[in-house]
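Report on the following structure.
Side-chain atoms are counted along with the backbone in the values below, which use heavy atoms only and exclude waters and symmetry mates.
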Amino acid sequence: KGSYVDQFEKSFSKYLGGGYSVTTSSGTTALELALKTFGIGKGDEVILPNFSFAASINAIINVGATPVVVDVEEDTWTIDIKKIRKKISRKTKAIMPVHIYGQPCRLDEIIKIARLKKIYVIEDAAEALGGTYKGKKIGLGGDCACFSFYANKIITTGEGGMDFFKKKKHLETASLIKNHGMSPKTFY
């Protein structure tokens, strides 16, 4: 907490072109916080690619949800759109595409599927800060994008992460979860 953190969150949102940012202690925590913000937990399924760092699947397991793993496309190494459609069930609450090595997923098609099925898109953008897809910065496509600032990432804070939400109500929910339900106005 502090003025530098507040400034960093505001600058991050401004860089991406709007939306709302909230810092986390790691990229993994950013993924978990996003899942919790959207109420994803026990009994829910989240679709993700089989090619990613362990944090993607671990975040889903850590909130009590079930990971549903699908293969990646040979040419992009990102989640296979055709295989997403085959794995959606009534328990599916989100798709977690991973922009592996900064290579963007086919977000427009993923978002179209998600909107039709009324499920969330939580982007694992840990390695994609500064990347673009069809002229838009990575992070502006789904309901939330999760970034990492670990030592091997595009920018680093040594450790840390960021959730970037399109809607203010999701920022408010995430902030409450992050701060154990404490009021953002009253500190002890």
Side-chain angles (χ1 to χ4, degrees), residues 1-2 4-41 44 46-49 51-65 67 78-79 93-105 107 110 114 119-131 133 137-182 184:
K1 209 58 194 151
Y4 289 112
V5 173
D6 294 341
Q7 183 181 347
F8 183 42
E9 290 171 343
K10 287 177 184 152
S11 295
F12 199 87
S13 293
K14 185 177 179 182
Y15 168 75
L16 288 179
Y20 306 92
S21 300
V22 60
T23 55
T24 62
S25 59
S26 69
T28 306
T29 304
L31 292 167
E32 289 180 26
L33 181 59
L35 291 162
K36 288 177 182 178
T37 297
F38 295 115
I40 297 169
D44 298 330
V46 179
I47 297 172
L48 77 159
F51 185 63
S52 180
F53 183 66
S56 307
I57 201 164
N58 286 341
I60 296 166
I61 293 167
N62 288 345
V63 300
T78 62
I79 195 164
K93 297 293 185 242
I95 302 168
M96 185 184 286
V98 178
H99 304 290
I100 198 75
Y101 306 133
Q103 172 70 23
C105 301
L107 276 174
I110 294 168
I119 57 179
Y120 296 105
V121 175
I122 300 170
E123 300 172 60
D124 182 335
E127 299 175 338
L129 182 59
Y133 178 72
K137 288 185 180 155
I138 297 295
L140 297 173
D143 298 290
C144 179
C146 305
F147 296 89
S148 174
F149 305 127
Y150 189 67
N152 66 341
K153 298 303 186 272
I154 304 299
I155 64 169
T156 183
T157 57
E159 186 58 270
M162 185 80 76
D163 275 345
F164 176 78
F165 296 98
K166 289 175 110 172
K167 296 181 179 178
K168 188 173 185 179
K169 70 178 184 175
H170 295 136
L171 167 74
E172 291 166 352
T173 300
S175 295
L176 277 173
I177 294 168
K178 172 185 167 181
N179 293 309
H180 306 278
M182 292 187 291

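The one candidate from I110, I119, I79, I60 that meets the side-chain contact (heavy atoms from CB on, under 4.5 Å) condition with I47 is I79. The residue from I95, V46, D143 that alone fulfils the side-chain contact (heavy atoms from CB on, under 4.5 Å) condition with Y120 is D143.
Looking at Y20 and E172, their side chains never come closer than 4.5 Å, going by heavy atoms from C-beta outward. Under the 4.5 Å side-chain criterion, counting only non-hydrogen atoms from C-beta, I122 is in contact with C146. Side-chain atoms of E127 and K153, non-hydrogen and from C-beta on, do get closer than 4.5 Å to each other. Between P49 and T78 there is no side-chain heavy-atom pair separated by less than 4.5 Å. Side-chain contact between H170 and C144 is absent, with no heavy atoms from C-beta onward closer than 4.5 Å. L129 has its side chain within reach of Y15: a pair of non-hydrogen atoms, C-beta onward, lies under 4.5 Å apart. In this structure, the side chains of E123 and L107 come closer than 4.5 Å at one or more pairs of heavy atoms.
Under the 3.5 Å distance criterion, the side-chain polar atoms of K166 are matched with a main-chain donor or acceptor of G141. When atom types are taken as modelled, the side chain of D163 and the backbone of F165 share no donor-acceptor pair closer than 3.5 angstrom. Formation of a donor-acceptor pair under 3.5 Å by the K178 side chain with backbone atoms of T23 is found in this model.
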Residues 29-40 side chain polar contacts: donor-acceptor under 3.5 Å, at least two apart:
residue : atom : partner : partner atom : Å
T29     : OG1  : S25     : OG           : 3.2
T29     : OG1  : S26     : OG           : 2.9
E32     : OE2  : N62     : ND2          : 2.7
T37     : OG1  : L33     : O            : 2.7

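Between F12 and F147, the ring planes lie perpendicular to each other; the angle is over 60°, past the 30° to 60° tilted range.
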**Request:** Take F164 and L140 through the side chain to side chain contact (heavy atoms under 4.5 Å, CB included) test and state the conclusion after the steps.
**Result:** CA-CA 8 Å; F164 176 78; L140 297 173; 3.8 Å; yes
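Surrounding CZ of F53 are at most 12 heavy atoms belonging to other residues, nucleotides or ligands under 6.0 Å away.
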